[in-house]
Amino acid sequence: KDGVYLEIQTTLYDKNDHLIFVRDVTRLHLLEQMRKDFVANASHELKTPLTVIKGYLETLDMFSDNLPTSMQKGIVNMSEQSERMEQLIEDLLLLSRLESNDKREEDQWHKVADLVQTINKSTGAMLKEEHKLTFDIPQEARLYGSYNELYSAFSNLVVNAIKYSPDGGDIEVKWESGEFNGVFSVKDTGLGIDPRYIPRLTERFFRVDKGRGSKTGGTGLGLAIVKHVLLHHDAKLQIRSQPGYGSTFSCHFPANRLRNDNIPAIASNT
Ligand code: ADP
């Protein structure tokens with residue numbers, strides 16, 4: 001009753017004949033749907049117990065002055081880990097929503113500078129003195145899409161540029177638009193990435209250096225989120241990197257999603 005899913009492929013057999021291959025992929029499709037539902041349900045169910053744990057930890061923290069130092073350290077550690085777990089759950093839920101195309105907000109016109117300004121505010125606390133974060137975003141640039149999704153994608157790229165530049169360095173956030181496309185890019189002079197890992201970066205939970213993950217505090221889902229957000233916006237991710245010299249992540253948007261003007265953009269929803 002849910003229909004049949006077929007994969008059809010045609011190949012030129014000889015000059016005048018074609019071969020048509022038809023494959024029934026209904027079972028594969030159902031299994032994939034079960035996987036997506038499981039991840040979405042499990043993430044949702046984990047939220048409630050975590051909220052309770054966080055609540056008690058906050059109470060414990062308020063009275064921690066009278067506790068031995070080892071227990072105070074334990075509370076700080078547990079609080080950090082529960083923050084991490086919360087971020088992981090939020091990222092999994094966002095990925096599930098993006099994959100299922102469910103509950104997406106309607107696309108609207110947004111001012112790119114507004115999006116970036118919010119990111120600038122939220123990443124401020126992560127910056128060290130040795131970082132130099134610069135923005136070059138024309139005030140007239142407008143982008144058609146979902147504010148929250150674009151915010152997640154762009155902020156993941158800026159956060160990564162900061163995280164993977166542990167010794168500081170220049171980070172440039174730019175918007176450039178031409179006749180055929182608009183490009184949002186984040187360039188850093190940080191650790192860089194070995195070229196053989198670049199094709200795998202947008203896989204869920206893929207990390208170049210597994211050990212580094214626990215120190216930098218990422219979830220390993222950031223670039224998977226970027227990939228899915230860009231898919232929804234008909235955009236493409238380009239990654240250029242040189243180990244030891246830094247990386248540039250660029251998002252290429254098609255012309256029909258761009259506008260250059262000074263008409264006030266529709267109010268953003270965050
Ligand atoms: P994470 O939460 O681990 O940062 P992401 O999906 O955002 O997960 O990134 C996947 C991996 O790609 C990271 O663990 C890191 O190894 C690598 N990476 C991402 N951005 C950068 C960057 N700007 N510089 C160097 N490595 C990066």
Side-chain angles (χ1 to χ4, degrees), residues 36 39 43 46 50 80-99 115-116 119-120 122-128 130-136 148-175 183-233 235-252:
K36 287 178 188 166
V39 175
S43 317
L46 284 169
L50 186 61
E80 282 170 5
Q81 293 304 322
S82 53
E83 292 289 336
R84 233 185 125 189
M85 201 181 207
E86 192 171 39
Q87 187 59 51
L88 182 61
I89 294 172
E90 289 303 331
D91 281 357
L92 279 170
L93 283 171
L94 174 60
L95 255 183
S96 297
R97 277 201 302 276
L98 286 166
E99 273 190 333
L115 267 163
V116 171
I119 296 170
N120 186 20
S122 61
T123 48
M126 292 181 72
L127 291 171
K128 289 190 202 157
E130 297 83 8
H131 285 122
K132 190 171 155 236
L133 180 59
T134 54
F135 295 93
D136 180 3
N148 288 327
E149 289 178 12
L150 290 169
Y151 174 82
S152 297
F154 293 174
S155 70
N156 263 311
L157 295 181
V158 177
V159 166
N160 277 353
I162 302 172
K163 275 193 317 198
Y164 300 109
S165 303
D167 302 326
D170 290 347
I171 297 167
E172 287 169 29
V173 181
K174 242 193 216 172
W175 175 266
V183 184
F184 173 85
S185 64
V186 182
K187 182 173 180 215
D188 66 58
T189 51
L191 299 171
I193 307 152
D194 189 319
R196 75 191 137 132
Y197 295 125
I198 290 183
R200 298 200 56 196
L201 292 184
T202 56
E203 283 173 25
R204 273 158 236 244
F205 298 114
F206 181 82
R207 283 199 173 114
V208 173
D209 179 351
K210 305 269 175 228
R212 210 199 280 160
S214 53
K215 280 180 233 135
T216 52
T219 61
L221 295 172
L223 291 178
I225 290 174
V226 173
K227 177 179 132 182
H228 279 87
V229 169
L230 294 191
L231 264 176
H232 276 301
H233 292 80
K236 288 205 166 69
L237 179 67
Q238 185 188 44
I239 306 171
R240 276 168 297 163
S241 188
Q242 219 182 333
Y245 290 93
S247 318
T248 305
F249 287 74
S250 324
C251 311
H252 295 249

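Indexing begins at 1, ligand by ligand and atom by atom, following the structure's order. Just so you know, residue 1 is the first one in the sequence shown, and it goes up from there. As the structure is a prediction and not an experimental result, all values here were calculated from the model.
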Q: Just so I know, are the side chains of V39 and L92 near enough to count as touching, which here means a heavy-atom distance under 4.5 Å?
A: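 The answer is yes, as the side chains (C-beta and beyond) meet within the 4.5 Å cut-off.
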Q: Contact between F205 and L221 at the side-chain level, heavy atoms closer than 4.5 Å - yes or no?
A: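 Side chain of F205 against side chain of L221, heavy atoms only: contact under 4.5 Å found.
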Q: With heavy-atom distances below 4.5 Å as the criterion, would you say the side chains of F249 and L201 are in contact?
A: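 Yes, side chains in contact.
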Q: Considering only heavy atoms, does D188 approach ligand 1 within less than 4.0 Å through its side chain, its backbone, both, or neither?
A: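 The side chain, only.
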Q: Which pairs pass salt bridge (Lys or Arg N to Asp or Glu O under 4.0 Å) with one or both residues in residues 149-160, sequence neighbours excluded?
A: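 Residue pairs with at least one partner in residues 149-160: R104-E149.
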Q: Is there a side-chain contact between S250 and R240, using heavy atoms and a 4.5 Å cut-off?
A: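 The answer is yes; the side chains approach within 4.5 Å.
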Q: Check ligand 1 against V208 and write out every atom of the ligand that is under 4.0 Å from a heavy-atom position of the residue.
A: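 Numbered from 1, ligand 1 contributes 16 (O).
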Q: Quick one: does T219 get within less than 4.0 Å of ligand 1, heavy atoms only?
A: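 Judged by the 4.0 Å heavy-atom criterion, T219 does count as contacting ligand 1.
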Q: What are the atoms of ligand 1, with element, lying closer than 4.0 Å to any heavy atom of S247?
A: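 In order of numbering, the contacting atoms are 24 (N).
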Q: Would you tabulate the side-chain donor-acceptor contacts of residues 154-162 under 3.5 Å, counting partners in other chains and residues two or more places apart, or write 'none'?
A:
residue: S155; atom: OG; partner: Y151; partner atom: O; Å: 3.0
residue: S155; atom: OG; partner: S152; partner atom: O; Å: 3.4
residue: N156; atom: ND2; partner: S152; partner atom: O; Å: 3.1

Q: Does ligand 1 come near enough to L223 that some N or O of the ligand is less than 3.5 Å from an N or O of the residue?
A: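 Such a contact does occur with ligand 1.
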Q: Under 4.0 Å from a heavy atom of G220: which atoms of ligand 1 are those, numbered in the order shown and with their elements?
A: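 In order of numbering, the contacting atoms are 1 (P), 2 (O), 3 (O), 6 (O), 8 (O).
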Q: Taking only heavy atoms of L201 into account, list the atoms of ligand 1 that are under 4.0 Å away from them.
A: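 Under 4.0 Å from L201, ligand 1 has these atoms: 12 (O).
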Q: Which bit of I193 is near ligand 1, meaning a heavy atom under 4.0 Å away: side chain, backbone, both or neither?
A: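 The answer is the side chain of I193.
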Q: For ligand 1, which atoms sit closer than 4.0 Å to a heavy atom of K163?
A: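 Listed by number with element: 1 (P), 2 (O), 4 (O).
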Q: Which bit of F206 gets closer than 4.0 Å to ligand 1, counting heavy atoms only: side chain, backbone, both or neither?
A: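 Only the backbone of F206 comes within reach of ligand 1.
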Q: Within a radius of less than 6.0 Å around NZ of K187, do more than 12 heavy atoms belonging to other residues, nucleotides or ligands occur?
A: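 Result for NZ/K187: open.
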Q: Quick one: which ligand 1 atoms are inside 4.0 Å of a heavy atom on G222?
A: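 Those atoms are 5 (P), 6 (O), 7 (O).
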Q: Counting only heavy atoms not in K132, do more than 12 sit closer than 6.0 Å to its NZ atom?
A: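 Count not over threshold, so no.
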Q: Within less than 4.0 angstrom of ligand 1, does Y197 place any heavy atom?
A: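 No.
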